[in-house]
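Reading through the structure tokens given below for one structure.
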Amino acid sequence: MSDNIKVKSTHWADITADKIIRERGPKEHFTCASGITPSGTVHIGNFREIISVELVVRALRDKGEKVRFIYSWDDYDVFRKVPKNMPQQEMLETYLRKPIVLVPDVLGDEESYAAANEKALERLLPQVGVFPEYIYQAKRYRNSEYAEGIKMALVHQDDIRRQLNESRTSDLAAEWMPVSVFCTSCDRDTTKVTGWDGDYGVSFECECGHSETVDLRKTSAVKLPWRIDWPMRWKEEDVDFEPAGKDHHSEGGSFDTARKTGKEVYGHEPPVTFQYDFIRIKGRGGKISSSTGEVISLQDVLDIYQPEVIRYLFAGTRPNTEFAISFDLDVLKIYEDYDKCERTYFNKPDSPKALKKWEKQARIYELSQVGEVPSEMPYQMQIRHLCNLLQAQSGDIDAVIASIDDIKPEQVERFRQRCECAWEWVREFAPEDFRFALRTMEDGPVELDEKNLEAIKRLAVIVEEDLGVLTEKDFGTKVYDMMKELGLESADFFTAVYQALISREKGPRLINFLHILGKEKVLTLLKIY
RNA sequence: GGGCCGUUAGCUCAGCUGGUAGAGCAGCAGACUCUUAAUCUGCGGGUCAAAGGUUCGAACCCUUUACGGCUCACCA
């Protein structure tokens with residue numbers, strides 16, 4: 001955080017942090033929570049919650065507060081549907097109604113299906129600067145760590161039934177109990193609770209024929225349904241802040257009933273919260289839902305966006321606003337926006353009016369950084385130019401970096417990351433017009449009419465003598481003069497050159513393009529004429 | 001049916017704790033012997049959905065209305 005303490009930040013993360021301190025403080029430390037059910041590949045929509053909490057955590061810490069950032073893996077939830085993007089569908093189906101922690105991993109050799117989805121995300125989060133403390137709910141439940149919380153729900157079952165009924169169309173049955181049971185024989189939740197002894201004993205019978213009375217302090221079978229589980233854990237961890245998607249935030253939605261249950265049953269004031277909106281995907285097939293079809297994961301986004309730029313997208317957009325993560329040409333614009341924000345940060349204005357704008361941008365920039373804010377501005381190169389450079393070098397990133405003479409050693413790592421993203425984007429998502437590949441010697445010469453053939457030959461001479469010697473502008477003039485001398489139309493001539501170099505009718509702006517390629521590469525291809 | 005969000009330039013949006021309406025793109029004009037969604041310079045462009053209220057002052061706060069979207073009332 002910069003030293004402008006006198007100015008109050010208007011960034012949403014700072015405003016939320018202020019609210020948390022105001023409503024929950026002062027405290028020795030604040031607890032900020034996030035979490036999901038790893039019932040399939042964790043997608044970029046789920047990531048919005050994690051990163052939103054992280055940004056608030058950072059804002060709190062910047063204000064000097066101590067923060068515990070917990071991430072709950074709800075891996076004791078039921079395996080309800082087989083996601084379409086998973087292999088071995090039939091085998092997975094045999095595990096329906098069991099807790100996902102018992103479903104085998106079909107993608108690798110992790111301990112379970114749940115663990116596979118969990119690890120896939122946990123491995124990536126450090127790259128984007130997110131370091132929560134993970135809590136595995138299956139472990140908690142199976143160790144009977146929530147015995148008291150579950151008992152509390154049973155003791156207050158009439159209150160809970162009333163709370164839930166307030167927002168239900170049809171009332172819960174009189175014999176309904178606020179617990180669900182995984183059968184100790186078949187592991188499925190196809191059970192019915194048949195009794196409670198007023199203490200720790202819960203009886204159930206299962207569709208498989210098994211029936212039993214278990215002790216909450218010893219069993220791994222009993223868990224709380226979501227709407228009760230949530231407030232129980234607020235109490236357990238003393239949660240001060242937890243956002244949720246809009247599906248939870250309607251009246252009668254789970255936050256609404258959890259708020260009542262938390263207050264009346266568990267004696268915990270509901271945490272500060274906000275609603276975050278969904279994110280869309282643009283320029284790429286696939287839905288965002290984890291239960292249907294193709295899924296866009298954090299890894300997919302990291303493939304084309306640098307970590308800072310991903311954080312920038314989320315930090316720069318208010319959480320309750322829907323926005324799209326683009327894979328199409330917008331990618332270029334996003335990078336340009338980020339670079340502009342970066343230049344702004346390192347170029348603080350003097351006038352008070354400009355300063356106000358600067359502060360907003362600067363705060364977004366700070367929050368976008370994975371670690372510390374760089375002390376010096378990172379090396380910038382227009383993303384379009386970089387895409388051309390990469391293609392000219394056929395994706396050889398080392399060659400691209402070597403060709404830049406004004407980059408400092410400490411700037412290389414970040415720039416290399418950008419190269420990797422840009423190259424991935426060019427190959428996978430750039431429009432056809434944008435892409436090119438140099439011809440090789442093996443391709444041989446292309447057919448040209450007499451005039452163009454002559455022009456190519458003379459271009460080779462000019463390149464030999466002057467490329468890299470004259471300025472780009474003077475070099476260009478010389479090329480154009482030659483073209484005019486031969487009485488060639490520019491469109492015609494350009495086409496011939498592009499044909500000779502990249503087998504296409506069009507390409508990057510020619511003069512600049514020749515400079516990017518360099519004398520050696522150009523001559524190799526022109527000298528065969 | 002309830003709740004939440006939105007409605008600002010031709011388009012996409014920013015403007016957020018009330019203080020003279022902004023950006024990008026598109027458009028128009030000019031420049032670059034030039035070609036990617038070319039680039040650079042300049043210009044025009046808005047009753048801030050509507051009506052009322054609070055205020056010295058409202059795009060912003062309050063009330064009502066219209067239109068659009070999402071969501072809950074199964075499960076998580």
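The analysis underlying the following values was restricted to heavy atoms, covering all of them including side chains, and did not include hydrogens, waters or symmetry mates. Convention: sequence-line order gives letters A, B, ...; per-chain numbering from 1. Keep in mind that what you see is a predicted model, and the values were worked out from it rather than measured.
Along RNA chain B, the nucleotide nearest His249(A) and the nucleotide nearest Tyr480(A) are compared for position; the residue whose nucleotide lies closer to the 5' end is His249(A). Where Glu251(A) and Asp481(A) each meet RNA chain B at their nearest nucleotide, the meeting point lying more 5' is that of Glu251(A).
The interatomic distance linking Glu359(A) (CD) with rC16(B) (P) rounds to 14 Å, in whole Å. For the pair Asp256(A) CG and rA73(B) P, the computed distance is 11 Å after rounding to whole Å. What separates CG of Leu332(A) from P of rU39(B) is a distance of 11 Å, to the nearest Å.
For Thr257(A) and Arg227(A), the side-chain atoms include at least one donor-acceptor pair closer than 3.5 Å. Side-chain N/O atoms of Thr261(A) and Gln163(A) include a donor and acceptor closer than 3.5 Å. Between the side chains of Trp234(A) and Glu242(A), at least one donor N or O lies within less than 3.5 Å of an accepting N or O. With 3.5 Å as the limit, one finds no donor-acceptor pair spanning the side chains of Asp14(A) and Thr16(A).
Using a 30° and 60° split on the angle between ring planes, Trp230(A) and Trp226(A) fall in the parallel class, below 30°. Using cut-offs of 30° and 60° on the angle between ring planes, the pair Phe434(A) and Trp425(A) is perpendicular.
Comparing the P positions of rC28(B) and rC16(B) gives a spacing of 33 Å, expressed to the nearest Å. Nucleotides rG45(B) and rG27(B), compared at atom C1', are 9 Å apart to the nearest Å. Remark: the separation of the C1' atoms in rA73(B) and rA26(B) is 45 Å, to the nearest Å. Comparing the P positions of rU12(B) and rA49(B) gives a spacing of 15 Å, expressed to the nearest Å. One P atom belongs to rG2(B), the other to rC61(B), and the distance between them is 23 Å to the nearest Å.
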Atom pairs, protein N/O to nucleotides 5-11 of chain B N/O, distance under 3.5 Å:
none

Can you tabulate the close N/O pairs, meaning under 3.5 Å, that link protein atoms to atoms of nucleotides 58-60 of chain B?
none

Using nucleotides 74-76 of chain B, report all nitrogen or oxygen pairs with the protein that are shorter than 3.5 Å.
residue	atom	partner	partner atom	Å
rC74(B)	OP1	Thr169(A)	OG1	2.6
rC75(B)	OP1	Arg168(A)	NH1	3.4
rC75(B)	O2'	Arg80(A)	NE	3.1
rC75(B)	O2'	Arg80(A)	NH1	3.0
rC75(B)	O2'	Arg80(A)	NH2	2.6
rA76(B)	O3'	Asp77(A)	OD2	2.9
rA76(B)	O2'	Thr37(A)	OG1	3.3

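Remark: Ser297(A) pairs with Asp300(A) by the side chain to side chain donor-acceptor pair (under 3.5 Å) rule, at least two apart or across chains. Scanning for ring-ring contact (aromatic ring centres under 6.0 Å, His included) contacts around His268(A) gives an empty result, with sequence neighbours left out. Residues satisfying the ring-ring contact (aromatic ring centres under 6.0 Å, His included) test with Tyr95(A), not counting sequence neighbours, are none. Residues satisfying the salt bridge (Lys or Arg N to Asp or Glu O under 4.0 Å) test with Lys457(A), not counting sequence neighbours, are none. For Lys340(A), the side-chain contact (heavy atoms from CB on, under 4.5 Å) test picks out Arg343(A), with sequence neighbours left out. Judged as a ring-ring contact (aromatic ring centres under 6.0 Å, His included), and not counting sequence neighbours, Tyr266(A) has no contacts. Under the side chain to side chain donor-acceptor pair (under 3.5 Å) criterion, Glu237(A) pairs with Arg68(A), Arg140(A), not counting sequence neighbours.
Among the duplex regions that RNA chain B forms, those built from at least three successive Watson-Crick or G-U pairs under 3.5 Å are B:1-7 with B:66-72, B:10-13 with B:22-25, B:27-31 with B:39-43, B:49-53 with B:61-65, ordered by first number.
Within the 4.0 angstrom heavy-atom criterion, base atoms lie near Tyr498(A).
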Name the atoms and distances for all side-chain donor-acceptor pairs under 3.5 Å in residues 493-503 of chain A, with sequence neighbours left out.
residue	atom	partner	partner atom	Å
Thr495(A)	OG1	Ala491(A)	O	2.7
Tyr498(A)	OH	Pro508(A)	O	2.4
Tyr498(A)	OH	Leu510(A)	N	3.3
Ser503(A)	OG	Arg439(A)	NH1	2.7

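Taking only side-chain atoms of Leu329(A), from C-beta outward, the nucleotide of rA37(B), rU71(B), rU33(B) with the closest atom is rA37(B).
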